[in-house]
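Shown next, in structure tokens, is the structure this report addresses.
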Amino acid sequence: TRIFDGTTIIYGFIISIMVIVYTIIGYFYRLHHPIPGLEKPSVFAFIMLLLLGVVFFLVSVTYLKNYLAASKKRKKKS
């Protein structure tokens, strides 16, 4: 399960960073290249997606912190 835990942490970081980056890039891209017939992108949707990415990133950091503490305890027992 140690490999699975490490892999989960890495996937969590990758997904959270992708959500943050794509949210920022996508919002500003839509501002500069609007689709004809559609209104400007919603600031509320931008903030909510950015908040989702940040929360997911913080959860990944917390999970990494706990994983490192648990692995440190396991090494001390051995």
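Residue numbers start at 1 and run along the sequence shown. Excluded from the calculations below are hydrogen atoms, water molecules and symmetry mates; all remaining heavy atoms, backbone and side chain alike, are included. Not measured: the values here are computed from a predicted model.
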According to a hydrophobic-cluster definition based on side-chain heavy atoms being under 4.5 Å apart (Ile, Leu, Val, Met, Phe, Trp, Tyr only), do [X] and [Y] belong together?
X	Y	value
Ile47	Leu58	yes
Ile17	Leu52	no
Phe28	Val43	yes
Phe46	Val54	yes

How far apart are the closest heavy atoms of [X] and [Y], and which atoms are they?
X	Y	result
Arg30	Glu39	NH2-O, 3.3 Å
Ser60	Ser16	OG-OG, 4.5 Å
Ser42	Ala45	OG-N, 3.2 Å

>> Distance check, rounded to the nearest 0.5 Å: Leu64 atom CG versus Ile9 atom CD1?
In response: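 If we round to the nearest 0.5 Å, Leu64:CG and Ile9:CD1 are 5.0 Å apart.
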Those residues that, when tested against [X], pass ring pair (Phe, Tyr, Trp, His ring centres under 6.0 Å) (two or more places apart):
X	value
His32	none
Phe57	Phe13
Tyr22	none

Answer whether the closest heavy-atom distance between the side chains of Thr8 and Tyr63 falls below 4.5 Å.
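The answer is yes, as the side chains (C-beta and beyond) meet within the 4.5 Å cut-off.
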Q.
So if I apply the side chain to side chain contact (heavy atoms under 4.5 Å, CB included) rule between Met18 and each of Val21, Ile20, Ile14, which one comes out positive?
A.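 Among the candidates, only Ile14 passes.
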Val19 vs Phe56, side-chain contact (heavy atoms from CB on, under 4.5 Å): CA-CA, chis, key distance, verdict
CA-CA 9 Å; Val19 167; Phe56 194 43; 5.6 Å; no
